[in-house]
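What follows is a set of notes on a single structure, which appears directly below.
Just so it is clear, the structure is predicted and the values come from calculations on it, not from any experiment. Just so it is clear, the values below take in all heavy atoms, side chains as well, and ignore hydrogens, waters and symmetry mates.
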Amino acid sequence: MKIALSTSNPFNLDFTLCCGQAFRWEKRGEWWYGVVSDKVLKIQQKGRGLEFENASADFIKNYFGLNEDLTKILSQIGKDEIIRKAVKEFKGLRILRQDPWECLISYICATYKNIKAVKQMLTALCRKFGDKLELDSYSFYTFPSPEKLAKATIVELASCGLGYRAEYISKTAKEICKTGFDFKCLRKLSCKEARNKLLTFPGVGLKVADCVLLFSLGKLEAFPVDVWIKRVILKYYATHFPQDFVNKVSNKKGLTKSEYEKINSFGRNYFGEYAGYAQEYLYHYERTHSLD
DNA sequence: CAAGTGCCTTTATC
DNA sequence: AGATAAAGGCACT
């Protein structure tokens, strides 16, 4: 199936899938392969054309956020030279609408881990607990259900390289099964209410909750603050904070809750209702440019 | 090559 | 409130 993208609404599939918001997409040759719900999706972009298999056009539009007016969003967040530079370089990067359950577990895994390691953990987790699928002679695995992970032992989970996160994932999965929690209800809530609900799950702090809000629930004002965003903000936006705050936070590893909330609320207030987009462009910009 | 550092942090404890 | 430590293991230097 095919979709023709309009010139006024930019999209770049590679940026969108490479930027680190999703962990389970792989490029093989010309095509990107990813498992979404119970199917292997296959998609490629050629200029303004998107070609894909195993999904409806509506699904693709929703999953890749193609219904959003990205031109408008990018112009709204373009408050200064720094963010405009990031936007210019990665124009077309879009925030996905991932499955919230998969997103939640993925970001619990992502605490204190780099992206490469997160991918390894999730690959192992899906291989052990997911269902095998095949396409084009490649093997893929579905993301295991809450029930499946709730039944797994800590030892089994830990064998996927999850370390101390195994405990959090087990507890969160059990909690979701026990209460019959439905992630769909979070979409109807305000960003703040949904965040508070997410914070009740074990292993979910401010950063993980903000990632789930942004990358799966379409709460585009969410502004996750990780080490990279902390660095970007303190480097380029230091004048927006008291000098002693900048000194203090620069010279240590983690963030206290109140320090997190200060950077988070700066992001939301400064960049506005699409702050999450600013976050992802800055994140990707800083990561690509600090590697040289 | 060994040892140290860092990783899209959270939680428990003081 | 805020500081501190602990919690896999792996990639990178």
Side-chain angles (χ1 to χ4, degrees), chain A residues 15-25 86 90 93 95-96 98 102-125 128 152-172 175 195-196 198-216 219 222-235 242 244-245 247-264 267 275-292:
Chain A
F15 291 159
T16 300
L17 294 178
C18 281
C19 70
Q21 60 178 317
F23 301 101
R24 266 162 44 79
W25 283 89
F90 298 111
L93 188 165
I95 303 291
L96 299 171
Q98 298 181 52
E102 175 169 347
C103 192
L104 177 65
I105 297 304
S106 299
Y107 279 94
I108 291 176
C109 288
T111 62
Y112 214 54
K113 279 283 187 188
N114 56 39
I115 291 176
K116 194 165 189 177
V118 179
K119 286 180 176 172
Q120 284 175 9
M121 285 190 276
L122 294 175
T123 299
L125 189 73
K128 193 170 178 73
T153 65
I154 302 295
V155 173
E156 285 175 318
L157 290 169
S159 76
C160 300
L162 304 186
Y164 61 88
R165 299 165 196 81
E167 192 92 43
Y168 298 147
I169 285 164
S170 174
K171 283 183 179 166
T172 292
E175 177 79 14
R195 192 192 205 209
N196 284 335
L198 288 168
L199 287 172
T200 64
F201 293 113
V204 179
L206 296 170
K207 194 274 177 177
V208 173
D210 284 338
C211 286
V212 176
L213 292 172
L214 181 59
F215 301 130
S216 73
K219 306 291 186 194
F223 193 84
V225 181
D226 63 353
V227 285
W228 294 94
I229 290 300
K230 176 190 134 180
R231 282 203 277 264
V232 175
I233 298 295
L234 295 178
K235 191 157 127 194
D244 58 334
F245 177 83
N247 292 338
K248 193 175 165 193
V249 175
S250 302
N251 290 322
K252 59 175 197 171
K253 279 203 226 162
L255 291 173
T256 65
K257 272 189 183 173
S258 81
E259 287 162 352
Y260 182 100
E261 295 289 36
K262 280 189 181 112
I263 297 176
N264 175 266
Y277 262 99
Q279 191 273 3
E280 205 51 19
Y281 275 83
L282 290 172
Y283 174 79
H284 195 48
Y285 181 83
E286 189 65 9
R287 277 179 58 90
T288 28
H289 289 284
S290 69
L291 298 173
D292 33 69

* Relative to the ring of A/Y283, is the ring of A/W228 parallel (under 30°), tilted (30 to 60°) or perpendicular (over 60°)? -> perpendicular

* **Residues touching DNA chain B, which here means a heavy atom under 4.0 Å, drawn from residues 114-124 of chain A** => A/N114, A/I115

* For residues A/L162 and A/C109, report the shortest heavy-atom separation together with the two atoms involved. => CD2-SG, 3.9 Å

* Structure fact -> Rounded to the nearest 0.5 angstrom, the CD1-OH distance for A/I154 and A/Y168 is 11.5 Å

* To do: Could you tell me which non-hydrogen atom of A/S106 sits nearest to which non-hydrogen atom of A/L122, and how far apart they are?
  => OG-CD1, 3.5 Å

* **Positional range of nucleotides in DNA chain C within the contact set of chain A, heavy-atom, under 4.0 Å** => C/dG2 to C/dC12

* Taking atom C1' in both B/dG6 and C/dG8, what distance in whole Å separates the two? -> 14 Å

* To do: Classify the nucleic acid contact of A/Y260 as base, sugar-phosphate or nothing, counting any heavy atom under 4.0 Å across all strands shown.
  => nothing

* Asked: Given B/dC7, is OP1 or OP2 found less than 4.0 Å from the side-chain N or O atoms of A/R287?
  -> no

* **Pairing residues for A/R24 by the side chain to side chain donor-acceptor pair (under 3.5 Å) criterion, not counting sequence neighbours** => A/E102

* Structure fact -> Residue pair A/F201/A/D226 against DNA chain B: nearer the 5' end by closest nucleotide is A/D226

* Asked: On a whole-Å scale, what distance lies between the P atoms belonging to C/dA6 and B/dC8?
  -> 23 Å

* Taking only residues at least two apart or on different chains, which pairs with a member in residues 109-118 of chain A satisfy salt bridge (charged side-chain N to carboxylate O under 4.0 Å, His left out)? -> none

* **Separation between the P atoms of B/dT10 and C/dC10, rounded to whole Å** => 22 Å

* To do: Scan A/V225 against the nucleic acid and name what it touches under 4.0 Å (heavy atoms): base, sugar-phosphate only, or nothing.
  => nothing

* Between B/dC1 and C/dA11, how far apart are the C1' atoms? Round to whole Å, please. => 15 Å

* To do: Quick one: do A/F15 and A/Y281 satisfy ring pair (Phe, Tyr, Trp, His ring centres under 6.0 Å)? Show the steps, please.
  => CA-CA 10 Å; A/F15 291 159; A/Y281 275 83; 8.5 Å; no

* When all nucleic acid strands are considered with a 4.0 Å heavy-atom cut-off, which category describes A/G203: base, sugar-phosphate, or nothing? -> sugar-phosphate

* Asked: With sugar-phosphate meaning primed atoms plus P, OP1 and OP2, does A/C109 contact a base, only sugar-phosphate, or nothing at under 4.0 Å between heavy atoms?
  -> nothing

* **Under 3.5 Å donor-acceptor, A/Q21 side chain and A/L96 backbone** => yes

* Asked: Would you call the rings of A/H289 and A/Y285 parallel, tilted or perpendicular if under 30° counts as parallel and over 60° as perpendicular?
  -> tilted

* Counting any heavy atom closer than 4.0 Å, what does A/E259 reach on the DNA or RNA strands: base, sugar-phosphate only, or nothing? -> nothing

* Structure fact -> Assigned chi class of C/dG8 under the 90° convention is syn

* To do: Can you tell me, in whole Å, how much space there is between the P of C/dA5 and that of B/dT5?
  => 15 Å

* Determine the contact category for A/G20: base if any of its heavy atoms lies under 4.0 Å from a base atom, sugar-phosphate if only primed atoms, P, OP1 or OP2 are that close, otherwise nothing. => base

* Please work out if A/K230 contacts a base, only the sugar-phosphate, or nothing of the nucleic acid, heavy-atom cut-off 4.0 Å. => nothing

* Structure fact -> salt bridge (charged side-chain N to carboxylate O under 4.0 Å, His left out) filter on A/K253, not counting sequence neighbours, yields none

* Asked: Is there a donor-acceptor pair closer than 3.5 Å between any side-chain N or O of A/S170 and the backbone N or O of A/A166?
  -> no

* Asked: In whole angstroms, how far is the P atom of B/dC8 from the OH atom of A/Y283?
  -> 5 Å

* Flag the pair A/V208 / A/T111 as yes when at least one side-chain heavy-atom distance between them is below 4.5 Å, and no otherwise. => yes

* Pairs counted as Watson-Crick or G-U wobble with both distances under 3.5 Å: what dot-bracket string results for DNA chain B, using | for bases tied to another strand? -> ..|||||.||||||

